[in-house]
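Working notes, beginning with the structure itself.
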Amino acid sequence: MIRQITGEYLYYEKGAVVIQTSGGIGFRVFVPELSPLLNTREGETISVYTHMAVKEDSISLYGFPDRDSLQLFQQLISVNGVGPKAAMSILSLGTVNRVKSYIAAKDGKSLAKAQGVGKKSAERIILELSDKISPLPEGEAGIPDTEASDMPAVTSQRSEAIVALTTLGYTRKEAEDAISHVPEEDLSAEEYIKKALKYLL
């Protein structure tokens with residue numbers, strides 16, 4: 001099983017990064033939409049912890065910046081009815097500690113905001129994992145107490161816009177900050193990009 005990959009970050013394609021190892025093999029690795037791995041620029045060295053999912057018709061790699069993220073992913077897919085795609089969607093809700101906090105606090109409403117995760121799946125995750133999850137206190141995790149309430153909810157369209165801005169040369173932090181200053185909800189990725197660019201320029 002492939003557990004870790006280190007190599008050159010070639011490019012991003014929807015939902016995944018392509019990493020070329022020193023042996024010349026390019027691996028496509030799916031990553032959460034808000035993964036800090038996406039702060040890496042093309043051509044730089046990137047290292048990911050991976051989970052390999054094998055099906056009858058496909059083999060997929062899912063990548064994470066640290067073992068804590070990988071462990072949470074594996075805990076999520078251990079829940080009946082929660083597959084890798086749903087787990088990745090949950091991890092795209094925010095930091096690992098924020099997701100852990102949702103589970104520990106039995107906040108099914110927040111978990112259900114993840115794409116492809118319904119109320120029943122959220123309840124099942126809480127039932128099976130709430131006693132196994134231990135989030136860090138907010139201060140220790142480096143997450144401001146106001147983060148969840150002050151910032152607009154992160155949607156797949158916002159995430160796509162953030163990634164697009166990084167490909168234009170902006171840092172991940174600059175892109176996230178610009179998108180967070182767009183108060184409107186339910187816009188397309190293109191609309192978020194246009195409004196964010198007005199803020200950046």
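Along the sequence shown, the residues carry numbers beginning at 1. Every heavy atom of this structure was used, including side-chain atoms; hydrogens, water molecules and symmetry mates were not.
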Taking atom [atom1] of [X] and atom [atom2] of [Y], what is their separation to the nearest 0.5 Å?
X	Y	atom1	atom2	value
R124	I126	CZ	CD1	12.0 Å
E42	E8	CD	CD	9.5 Å
D186	R158	CG	CZ	9.5 Å
I46	L10	CD1	CG	10.0 Å
N39	L34	CG	CG	10.5 Å
E176	L38	CD	CG	9.5 Å

State, with a plain yes or no, whether a side-chain heavy atom of [X] is found less than 4.5 Å away from one of [Y].
X	Y	value
V48	L61	no
L37	V17	no
L72	I133	yes
Y199	K195	no
L197	L165	yes
Q75	I103	no

Give a yes or no on whether [X] and [Y] share a hydrophobic cluster (residues Ile, Leu, Val, Met, Phe, Trp, Tyr; joining criterion: side-chain heavy atoms under 4.5 Å apart).
X	Y	value
V18	Y49	no
Y11	I19	no
L200	I162	yes
F27	Y9	yes

Quick check: does any side chain N or O of [X] sit under 3.5 Å from a backbone N or O of [Y], one acting as donor and the other as acceptor?
X	Y	result
S89	K85	no
R41	G169	yes
R28	A16	no
T50	I2	yes

Minimum heavy-atom separation for [X] and [Y], please, with both atom names.
X	Y	answer
I77	A87	CG2-CB, 3.7 Å
L70	H51	CD1-CB, 3.8 Å
A164	I193	CB-CD1, 3.6 Å
A112	A122	N-CB, 4.1 Å

TODO: If the plane angle is over 60° it's perpendicular, under 30° parallel, otherwise tilted; pick one for F73 and F64.
DONE: tilted
TODO: Would you please test V182 and E191 for side chain to side chain contact (heavy atoms under 4.5 Å, CB included) and show each step?
DONE: CA-CA 10 Å; V182 181; E191 290 171 322; over 6 Å; no
Task: Inter- and intrachain pairs under side chain to side chain donor-acceptor pair (under 3.5 Å), touching residues 54-72, at least two apart - done: D66-S69, D68-K100
TODO: Might you work through the side chain to side chain contact (heavy atoms under 4.5 Å, CB included) test for L127 and V79, ending with a clear yes or no?
DONE: CA-CA 9 Å; L127 179 64; V79 176; over 6 Å; no
